[in-house]
Protein chains: 2
Amino acid sequence: MKVAEPTVERLVQYCRLLEQLHEEGRRVVSSQEIGEMLGLKASQVRKDLSYFGEIGKRGVGYHVDRLFDHIQGILAPPHHWSIGLVGAGRLGEALLGYKAFKSNKFSVEAVFDVDPEKVGSTVSGIPCFHSDSLPKILMEKNIEVLILTIPASSAQSVVDLAAKAGTLKGILSFAPTTLVAPDGVLIYGVDISVELEKLLFYLKHCEV
Amino acid sequence: MKVAEPTVERLVQYCRLLEQLHEEGRRVVSSQEIGEMLGLKASQVRKDLSYFGEIGKRGVGYHVDRLFDHIQGILAPPHHWSIGLVGAGRLGEALLGYKAFKSNKFSVEAVFDVDPEKVGSTVSGIPCFHSDSLPKILMEKNIEVLILTIPASSAQSVVDLAAKAGTLKGILSFAPTTLVAPDGVLIYGVDISVELEKLLFYLKHCEV
DNA sequence: TTATGTGAACCATTTCACAGCC
DNA sequence: GGCTGTGAAATGGTTCACATAA
């Protein structure tokens, strides 16, 4: 089944909201309420949630815990992912310490950098290897996902090198550049500076 | 004139690419080439670029420098923006040191935190104030844009407090939560953990 | 009566196809 | 001949409106 990107994004948001509602002891919610809390139309919420079968009760709403489990099941990965983080700079360290990054779906198994000070030691408790050894370590640790927190200039070469391992399936890049994905590798880019530019552009033009 | 969000995002990308091409000494590019380098269809590139008037030369292509200036003009803000950064944690510091964040379009004028160690001193050379003084400092320094690098739990209260200053126009939030925007304030959220979840979801389902 | 689930209508964005200019 | 600019067609996503079930 194919599911649109905006839908996946909202599913994650529903999940977070439901977790919160669960803690507050809420038992049921309506699409209307979810919409208000997340800034979405109720019809949008219903369409998203009905995408994977009838889960709500007509005339009542959605059972919080049941819906949560349901969405978790949809988002849940087929297995635990091993992740590698390339670039032990401040952004990299920030991510490693980031609370929302703790999950039982994945774990960061290796850090890569070129700084001799860092290579051989640990960063936030995770062993740090030289970037040159990417293919070797990726295979050894069966790492399928990389997070890139490196400058734009070295991003593409890291992608090409890492692809040699053959285990690589996905990349989340924070490098402010467009990367070319090798066959069979899915690349997602989060470009912080682009987001700020977009915000400033709309502040200029739209003057909400 | 209204311009779609995906278009703005691509305009920023064109800009970055053109800068690079300029450094390489390139004089002209075709929509075809731009598309290949950025992973877009040539027709998409042409549509985006023709949005603000005829800028290319038929049978030739786009003059690199001329196109760069043209897009810069579109993206350029009406004035220099003063920005405040709330949350002097690792992510906040990472952003302050982030190269792609240096720009003549804006500058970070104040940092806010609740840690007594930081308040009163400077962070990356920028004075740090207590978060409680947000409205006061925002007015004093005429800050219109805030970047939030704080936990989800305190994000909404910071937004509400900052809105009291009346100068606030836009927010770029890294807090993993949905924020409610006060009237007249544009909120952009970058949710790093959601991006990773999306990537893992597509790795599970699409198996490209 | 209330709130979901969903086909149909609507709107936005992308892609096509070709006319127009260099 | 080559490449842009652009109306028209196609695609993708959101919203509506109402049948349906609790």
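Computed from a prediction, not measured in an experiment: that's the story for all the values here. Proteins come first, then strands; the chains are lettered A, B, ... in the order of their sequence lines, and each starts at number 1.
At the heavy-atom level, I55(B) lies under 4.0 Å from the strands shown only through sugar-phosphate atoms. Counting non-hydrogen atoms under 4.0 angstrom, S30(B) reaches the backbone sugars and phosphates but no base.
In this structure, the OH atom of Y62(A) is 14 Å from the P atom of dA22(D), given to the nearest Å. The nearest whole Å value for the distance from the CG atom in D48(A) to the P atom in dG13(D) is 11 Å. Rounded to an integer number of Å, the gap from L49(B) CG to dC3(D) P is 15 Å. Distance Q32(B) CD to dG5(D) P: 15 Å, rounded to the nearest Å. Between E9(A) atom CD and dG12(D) atom C1' the separation is 16 Å, expressed in whole Å. As a whole-Å value, the separation of F52(B) CZ from dT4(D) C1' is 17 Å.
Residue L186(B) holds its CG atom at 10.0 Å from CG of L172(B), rounded to the nearest 0.5 Å.
Running 5' to 3' along DNA chain C, contacts with non-hydrogen atoms of chain A at under 4.0 Å begin and end at dT2(C) to dA8(C).
The minimum heavy-atom distance linking S131(A) with V114(A) is given by the pair OG-CG1, 3.7 Å. Closest approach of A175(A) to D191(A), counting heavy atoms only: O-OD2, 4.3 Å. Closest of all the heavy-atom pairs between S31(A) and A42(A) is CB-O, 3.8 Å.
No more than 12 heavy atoms of other residues, nucleotides or ligands shown are found within 6.0 angstrom of NZ on K99(A).
The aromatic rings of F201(A) and H205(A) lie parallel to each other, with less than 30° between the two planes, well short of the 60° mark.
Between S31(B) and dT4(D) there is a side-chain polar atom (N or O) within less than 4.0 angstrom of OP1 or OP2.
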**OP:** Go through the steps for Y51(B) and I74(B) under the test side-chain contact (heavy atoms from CB on, under 4.5 Å), then give the verdict.
**Re:** CA-CA 11 Å; Y51(B) 232 81; I74(B) 296 161; over 6 Å; no
**OP:** Would you please test E197(A) and R16(B) for salt bridge (Lys or Arg N to Asp or Glu O under 4.0 Å) and show each step?
**Re:** CA-CA 12 Å; E197(A) 289 258 18; R16(B) 279 204 311 228; over 6 Å; no
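With D65(A) as the fixed residue, the side chain to side chain donor-acceptor pair (under 3.5 Å) test singles out one of R26(A), H70(A), H22(A), R27(A): H22(A).
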Subject >> B/S/- contact track for nucleotides 16-21 of chain D, protein heavy atom under 4.0 Å >> reply: BB-BBB
